[in-house]
Structure formats: C-alpha cells, structure tokens
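Each chain gets a letter, A, B and so on, in the order the sequences are listed, and its residues count up from 1.
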Protein chains: 2
Amino acid sequence: MKLATGVEWAVHCCVVLSAADGPVPAPRLAEFHGVSRTYLAKSLQALSRAGLVSSTEGREGGYVLNRPPAEITVLDVVLAVEGDAPAFRCTEIRQNGPFGAPPERCVRPCGIAAVMAQAEQAWRDSLAATTIADLAAAVAEIVPPDEARAARAWLSQ
Amino acid sequence: MKLATGVEWAVHCCVVLSAADGPVPAPRLAEFHGVSRTYLAKSLQALSRAGLVSSTEGREGGYVLNRPPAEITVLDVVLAVEGDAPAFRCTEIRQNGPFGAPPERCVRPCGIAAVMAQAEQAWRDSLAATTIADLAAAVAEIVPPDEARAARAWLSQ
DNA sequence: GGATCATTACTCGGATAGTGAGTGTCCGAGTTGAAGCGG
DNA sequence: CCGCTTCAACTCGGACACTCACTATCCGAGTAATGATCC
C-alpha cells in the first residue's frame, strides 16, 4: 500500500493556487515546488478532469481553482489523482476450494471485505475533514506576510 | 493506492488457522482457498517473520497461530504482509524552489503530511478494532456446524 | 519385545523470472496577447 | 489616432519510453515420522 507521489504535489499546488491572484501555468507551479515540469502536468490534468481546477489556454493562461478553497477537501484531491477505486478488492476466495461457500450464502459481503471497507471509509472521512483553506491558513501562520506577498507576485509575474 | 492481494489471502489463512486443530501446511491452505501454492507461501513467510504464526518443519508440520485469535488484529496481519511503512511519505517539497522554506522553519511537520498521517492513523485504528476471533465468529454464524467439522477434519487429514 | 539407526518423504525458506501500474518525458493542437499595417 | 490583420509565443492535452514493486515460480536445506535392523 503506497500513495502516489503526484498526490503530494497536487495538494501543494491546490494550496498555492488558493493564494494566487490569477491563473498560474503548470511550468511555474513546477518551478515553485522544484519538481518535474512534465510530470506535474499529468497530476494537474487529473485535477482538471475531476473538475477541481479549470484551465485557460494561450498566453497568460494557467490553472485556477474552480471552487472556494473552503469547499475543496483533501479527499477530493486524493481521489482526483489516485482514482476513486477502493484500495481493497475482495476476490471472493471464500467461494473457492473444496469447501467453497455456495453463491446463495454470499449475498452478504465477506467479513474481511467489510472490515477493509470500513477502515477505508474512516480514512476518507479523516481526509474529508480538512480543506485546502485549512491548509492555507496553517501556512499563513508560519510564513511572514512580506514573503507571502513576494511569492504571490512571483506567481503572477 | 492499492492493497496487495496477499493481504486478503493472509487474513483468510489466519481465520482458517484459528479454527484448525493442529498445524496446517501451506499447500493445504492454498488448496483450501483455491489460490497459488507457491505465492501463498510468500505471504505466510511474512506472517512467520512478524511472529504472528510459528512454523514447524518436517512431516506433519505446518503453520499454527502464535497467539489466541482474540489477540490478533486485522491490522497486525496487514502490517505483517504489507510492511509498516507509512503510505504517505513527505518529500519536503516546501523546502524546494525559489521560495523554499528554510530548515529552521520546518521543525514542525508539513501540514499536508500531518493530515495524511492522521488519516492513516484512523485507518489503522479501524483495522485494529477487529480481531481474527471476530471474523471467525462471523463465519461460524453462517457455516453449518457439520460442514465446519468436515472442513476441520480435511485440514487435519 | 524394545531400542537404535538409516531412510524417506515432507516441510519451510530464500533466491529467481514475469508483469502491470506508476514515473518521467516528449511533441502536437489550440488559444490568447501583442505587434505591425492600413485607413 | 483607431481598427483590423497577422504573427508569434505560450498554454494545455494526450501519446510514448522507462523503472520499480507486486505477482508468480522454482529448487535447496532441514526436520520429524516411519520402517527395518540389531540386541
């Protein structure tokens, strides 16, 4: 079980976008974070496909958050990049082998699958409890105001 | 983010072992579940390495649970097979780029990493709330007693 | 008959190939802004 | 001086190689029960 690297980048980008004034192109976001330009574009495309950000083409184009930061949860970003497929997929091995359970006894989901699904739900609930606005506020408490202004200006240069 | 297939097999094996009378060899567990013999052995080795099961070699050998089923949580099995590495590893990209935060400002963990860690803790807590004994009890409610006896006998044949 | 010993078959364990998702990269289609030109 | 046209540069989006972990497999080392042998 491992989380994709692109998820971390995407969340950081959303936080930065929530503080930016206008559209920010992907190459600038990549340089801001010191990561690969081309691969970050892939994660941003996923965000765009999920409707979290909207993209404008041409000169002065870039990405903008589609909703207020307080209405975008971390879970939204994770699912957009990772996909919403459950981490655990029951293969119904209880129906295999010499003592396999007959299908009519398998109307209720496998107990193991139920436990896994419940745990994943807890994980999602926890991620959904934090929004991009919360993360941005935490960053704002640490970064000095003048530096934040300089960063905003650099993003809009 | 995807959970390994071997995890599902390992949990099923633990439930079966909790109901077995004596040691059960890996090939029999594989046939019981209708899965690959050789690959299941790999997951069982992981369980053995983690100390959840103990193995006896030679004829009439096999695997036995090392602790009472009520003292083995699903989380124990998952961590034994998957490893206890956290799903999210912060790469500290906040220190990169033209506006990278200086190290002295990074004594506290990144807010994003904190959210991810908290979510993973919720996931682990949920998995730790269920034991192998709970799963076995749920199975016992569905399977008829005579069939359970037959399965136990087949495991000890 | 009982104990000892060699045999044998069975077990686990780690070392060895194959595959799919994630990682990283590239170039083309489309759009916007600005500059140049004409009226 | 104003509007139109052309241009150019910049943007995103999808299509193309590469790497690593998971999947699947094999064979060797070690052990315990079994059977034969000897006292």
I need the [atom1]-[atom2] distance between [X] and [N], as an integer number of Å.
| X | N | atom1 | atom2 | answer |
| --- | --- | --- | --- | --- |
| B/Trp9 | D/dC22 | CH2 | C1' | 11 Å |
| B/Leu47 | C/dC12 | CG | P | 13 Å |
| B/Glu60 | C/dA9 | CD | P | 15 Å |
| B/Leu40 | C/dG14 | CG | P | 15 Å |
| A/Arg37 | C/dG24 | CZ | P | 14 Å |
| B/Leu44 | C/dG14 | CG | C1' | 15 Å |
| A/Glu31 | D/dC10 | CD | P | 14 Å |

Are A/Thr5 and C/dT23 close enough that a side-chain N or O sits under 4.0 Å from OP1 or OP2?
yes
N or O in side chain of B/Tyr39 less than 4.0 angstrom from D/dT25 OP1/OP2
no
For the side chain of [X] and the backbone of [Y], is there at least one donor-acceptor N/O pair under 3.5 Å apart?
| X | Y | answer |
| --- | --- | --- |
| B/Glu82 | B/Ala4 | yes |
| A/Glu8 | B/Thr91 | yes |
| B/Ser18 | B/Val15 | yes |

Closer to the 5' end of DNA chain D via nearest nucleotide, is it B/Leu3 or A/Tyr63?
A/Tyr63
How do A/Ser48 and A/Lys2 order along DNA chain D: which one's closest nucleotide is nearer the 5' end?
A/Ser48
Which residue, A/Ala41 or B/Ala26, contacts DNA chain C at a nucleotide closer to its 5' end, judged by nearest heavy atom?
B/Ala26
Can you figure out which of [options] approaches the side chain of [X] most closely?
| X | options | answer |
| --- | --- | --- |
| B/Ser55 | C/dT23, C/dG24, C/dG13 | C/dG13 |
| B/Ser36 | D/dG14, D/dT25, C/dT25 | D/dT25 |
| A/Arg59 | D/dA33, C/dA34, D/dT23 | C/dA34 |
| A/Glu57 | C/dT23, D/dC12, D/dA24 | D/dC12 |
| B/Lys42 | C/dG24, C/dC12, D/dT23 | D/dT23 |
| B/Gln45 | D/dC12, D/dC22, C/dG14 | C/dG14 |

May I ask you to decide whether A/Glu147 forms a salt bridge with A/Arg149, counting only side-chain N to carboxylate O separations under 4.0 Å?
no
Answer with base, sugar-phosphate or nothing: what part of the nucleic acid does [X] contact at a heavy-atom distance below 4.0 Å?
| X | answer |
| --- | --- |
| A/Arg49 | sugar-phosphate |
| B/Pro27 | sugar-phosphate |
| A/Thr38 | base |

Going by the side chain to side chain contact (heavy atoms under 4.5 Å, CB included) test, name the single residue among B/Thr131, B/Val77, B/Leu135 that passes it with B/Ile72.
B/Val77
Would you say A/Leu3 ends up clustered with B/Leu79 if hydrophobic residues are merged whenever their side chains have heavy atoms under 4.5 Å apart, either directly or through other cluster members?
yes
